[in-house]
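Letters A, B, ... are given to chains in the order of the sequence lines, protein chains preceding strands, and every chain is numbered from 1. Treat the numbers as computed from the prediction; the structure is a model and nothing was measured.
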Amino acid sequence: MTGPDLLDPVRAAHDLIGWTLLVDGVGGPIVEAEAYHETDPASHSFGGERVRNAAMFGPPGRFYVYRSYGIHWCLNIVCGPPGEGAGVLIRAIEPVAGVEVMRRRRGLDDARLLSAGPGRVGQALAVGPELSGTVADLRPPDRRRRVVAAPRIGISKAVDHPWRFLDPDSPYVSRRLPRRPVTSPP
DNA sequence: AGTATGATTGCCT
DNA sequence: GGCAATCATACTG
């Protein structure tokens with residue numbers, strides 16, 4: 001087996017934390033990801049295959065790229081089996097490979113802002129629609145990481161599913177965890 | 001720290 | 001016409 005288990009998108013979003021994602025040699029370990037699938041009202045694949053989401057119904061391990069808010073290009077890894085319409089949104093990576101290229105593309109110095117968020121990942125890795133349907137370059141983790149689940153961000157439907165996964169120890173996530181439980185004992 | 005707003009484009013009702 | 005898997009900026013406290 002040369003890649004992560006991509007059959008179930010929720011498991012895949014969890015297991016992809018720590019895997020290094022590269023686009024033309026630029027990238028780093030995934031530290032935040034979200035699962036989406038066809039029976040999920042928040043998913044672009046909800047309601048079946050169309051022209052724009054076709055890549056999501058292709059074979060697992062490839063990219064699905066979409067335009068967000070008319071401005072950003074965001075990157076997903078398709079999960080399978082083929083035809084399922086499932087995927088994992090890459091929400092944040094740690095800038096490790098090609099950091100200077102990422103800085104130039106982002107017009108920023110601060111490493112924490114280079115790729116913390118799906119739109120920022122898209123800009124840092126020069127993601128465009130032509131990437132949709134191509135095979136993702138994934139490399140195995142070089143160390144173990146903690147992984148925690150949290151609600152997904154930026155959606156208005158199916159908001160309660162804890163299908164966002166992140167490394168709570170990484171400073172390169174788009175949003176850190178809530179510091180304390182909402183209610184605490186006296 | 002939290003909250004608000006504009007940018008921008010394609011798909012949907 | 002409304003809305004979106006977002007971000008940067010400009011406020012307020």
Side-chain angles (χ1 to χ4, degrees), chain A residues 6 8-14 16-17 21 23 27 30-58 60 62-80 84-95 102-133 136 148-167 171-182 184:
Chain A
L6 299 178
D8 169 43
V10 175
R11 165 164 287 277
H14 173 280
L16 278 168
I17 301 300
L21 173 67
V23 174
I30 298 165
V31 290
E32 184 180 352
E34 286 177 356
Y36 291 88
H37 65 88
E38 193 181 359
T39 60
D40 163 18
S43 175
H44 291 172
S45 57
F46 185 71
E49 180 173 352
R50 291 170 219 169
V51 175
R52 123 160 174 225
N53 62 16
M56 246 185 128
F57 290 84
R62 302 186 179 227
F63 289 125
Y64 159 59
V65 174
Y66 72 94
R67 185 94 125 144
S68 178
Y69 290 89
I71 300 171
H72 307 100
W73 294 103
C74 298
L75 198 58
N76 291 256
I77 294 173
V78 175
C79 294
E84 285 270 309
V88 169
L89 171 66
I90 306 303
R91 287 196 55 92
I93 67 172
E94 289 192 356
M102 295 171 71
R103 278 193 227 273
R104 191 162 65 242
R105 288 169 177 167
R106 295 272 301 122
L108 285 172
D109 283 341
D110 189 349
R112 295 189 182 219
L113 296 178
L114 289 181
S115 50
R120 291 162 171 168
V121 169
Q123 189 178 22
L125 302 193
V127 170
E130 70 284 346
L131 218 56
S132 237
V148 299
R152 296 178 292 182
I153 290 175
I155 55 173
S156 56
K157 299 166 195 166
V159 295
D160 290 330
H161 299 292
W163 290 343
R164 167 184 175 237
F165 298 90
L166 60 125
D167 174 356
Y172 299 100
V173 296
S174 68
R175 287 195 205 172
R176 299 274 222 153
L177 286 183
R179 351 185 11 97
R180 290 279 167 197
V182 180
S184 60

Asker: Under 4.0 Å, heavy atoms only, any strand: does Arg164(A) hit a base, just the sugar-phosphate, or nothing?
Answerer: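 Counting heavy atoms under 4.0 Å across all strands, no contact is made by Arg164(A).
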Asker: Given side-chain contact (heavy atoms from CB on, under 4.5 Å), test Trp73(A) with Arg67(A) step by step and report yes or no.
Answerer: CA-CA 5 Å; Trp73(A) 294 103; Arg67(A) 185 94 125 144; 3.4 Å; yes
Asker: Hey, does Ser174(A) reach any base, or is it just sugar-phosphate, or nothing, if we go heavy atoms under 4.0 Å?
Answerer: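 Result for Ser174(A) = nothing.
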Asker: Roughly how many Å is it from CZ in Arg50(A) to P in dC11(B), rounded to a whole number?
Answerer: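 It is 10 Å, rounded to the nearest whole Å.
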Asker: Whole angstroms only, please: what is the CZ-C1' distance between Arg175(A) and dG2(B)?
Answerer: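 After rounding, the gap between these two atoms is 12 Å.
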Asker: Any protein N or O atoms within reach of nucleotides 5-8 of chain B? Criterion: under 3.5 Å, listing atom names and distances.
Answerer:
{"unit_1": "dT8(B)", "atom_1": "O2", "unit_2": "Tyr69(A)", "atom_2": "O", "d": "2.2"}

Asker: How is the base pairing of DNA chain C summarised as a dot-bracket string, given the Watson-Crick and G-U wobble criteria with both distances under 3.5 Å, [ ] for crossing and | for another strand?
Answerer: ||||.|||||||.
Asker: Any idea which of dA4(C), dA5(C), dT6(C) is nearest the His44(A) side chain?
Answerer: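 In terms of side-chain proximity for His44(A), the closest of dA4(C), dA5(C), dT6(C) is dA5(C).
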Asker: Which listed nucleotide (dC12(B), dC7(C), dA4(C)) is nearest to the side chain of Pro118(A)?
Answerer: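 Between dC12(B), dC7(C), dA4(C), the one nearest the side chain of Pro118(A) would be dC7(C).
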Asker: Using the six-membered base ring of dA5(C), report whether Tyr66(A) stacks on it, requiring centroids under 5.5 Å and planes under 30° apart.
Answerer: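 According to the criterion (under 5.5 Å, under 30°), no, Tyr66(A) does not stack.
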Asker: Using the C1' atom as the reference point in each nucleotide, state the distance between dG10(B) and dA8(C) in Å, no decimals.
Answerer: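 It works out to 22 Å between them.
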Asker: Go through the steps for Gln123(A) and Arg106(A) under the test side chain to side chain donor-acceptor pair (under 3.5 Å), then give the verdict.
Answerer: CA-CA 6 Å; Gln123(A) 189 178 22; Arg106(A) 295 272 301 122; 2.5 Å; yes
Asker: Could you tell me the separation between the CG atom of Asn53(A) and the C1' atom of dA5(C), rounded to a whole number of Å?
Answerer: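 My rounded result for the distance is 13 Å.
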Asker: Could you report the tightest heavy-atom contact between Ala86(A) and Pro9(A), atom names first, then the distance?
Answerer: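 Closest approach of Ala86(A) to Pro9(A), heavy atoms only: CB-CG, 3.7 Å.
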Asker: Show your working on side-chain contact (heavy atoms from CB on, under 4.5 Å) between Ile93(A) and Leu125(A) and close with a plain yes or no.
Answerer: CA-CA 10 Å; Ile93(A) 67 172; Leu125(A) 302 193; 4.1 Å; yes
Asker: Atom CZ of residue position Arg11(A) - does it have more than 12 heavy atoms of other residues, nucleotides or ligands inside 6.0 Å?
Answerer: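 Result for CZ/Arg11(A): open.
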Asker: Taking atom P of dA5(C) as reference, at what distance in whole Å does atom CD1 of Ile77(A) sit?
Answerer: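 Going from Ile77(A) (CD1) to dA5(C) (P), I get 19 Å.
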Asker: Test side-chain contact (heavy atoms from CB on, under 4.5 Å) on Glu38(A) and Ser45(A); report intermediate values, then the result.
Answerer: CA-CA 5 Å; Glu38(A) 193 181 359; Ser45(A) 57; 4.1 Å; yes
Asker: For the pair Arg91(A) (side chain) and Val173(A) (backbone), establish whether a donor and an acceptor sit closer than 3.5 Å, ignoring hydrogens and angles.
Answerer: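 Not at all, since once roles are kept as given, no pair shorter than 3.5 Å links the two residues.
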Asker: Count the heavy atoms belonging to other residues, nucleotides or ligands that lie under 6.0 Å from CZ of Arg176(A), then report whether that count exceeds 12.
Answerer: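 Counting other residues, nucleotides and ligands, CZ of Arg176(A) exceeds 12 neighbours.
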Asker: How many whole angstroms separate atom CG of Leu89(A) from atom P of dT6(C)?
Answerer: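 The answer, rounded to whole Å, is 7 Å.
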Asker: Which is more 5' along DNA chain C, the nucleotide nearest Ala42(A) or the one nearest Arg106(A)? Just name the residue.
Answerer: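 The residue closer to the strand's 5' end, by nearest nucleotide, is Ala42(A).
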Asker: Within the 4.0 Å heavy-atom criterion, would you say Arg152(A) contacts the bases, only the backbone, or no part of the nucleic acid?
Answerer: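 Nothing: the residue Arg152(A), judged by heavy atoms under 4.0 Å, touches no strand.
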Asker: Please step through side-chain contact (heavy atoms from CB on, under 4.5 Å) for the pair Tyr172(A) and Asp167(A), ending with a clear verdict.
Answerer: CA-CA 9 Å; Tyr172(A) 299 100; Asp167(A) 174 356; over 6 Å; no
Asker: Tell me the interatomic distance from Asn76(A), atom CG, to dT6(C), atom C1', rounded to whole angstroms.
Answerer: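 Taking atom C1' of dT6(C) as the reference, CG of Asn76(A) is at 14 Å.
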Asker: Figure out the CD/P separation between Gln123(A) and dT6(C), and round it to whole Å.
Answerer: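 Going from Gln123(A) (CD) to dT6(C) (P), I get 15 Å.
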Asker: Are Arg52(A) and dC12(B) close enough that a side-chain N or O sits under 4.0 Å from OP1 or OP2?
Answerer: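 Arg52(A) to dC12(B) OP1/OP2: no side-chain N or O under 4.0 Å.
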Asker: How about Asp160(A): does its CG atom have over 12 heavy atoms from other parts shown lying under 6.0 Å from it?
Answerer: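 Result for CG/Asp160(A): open.
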Asker: Rounded to whole Å, please give me the gap between CG in Leu113(A) and C1' in dT9(C).
Answerer: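 That distance rounds to 13 Å.
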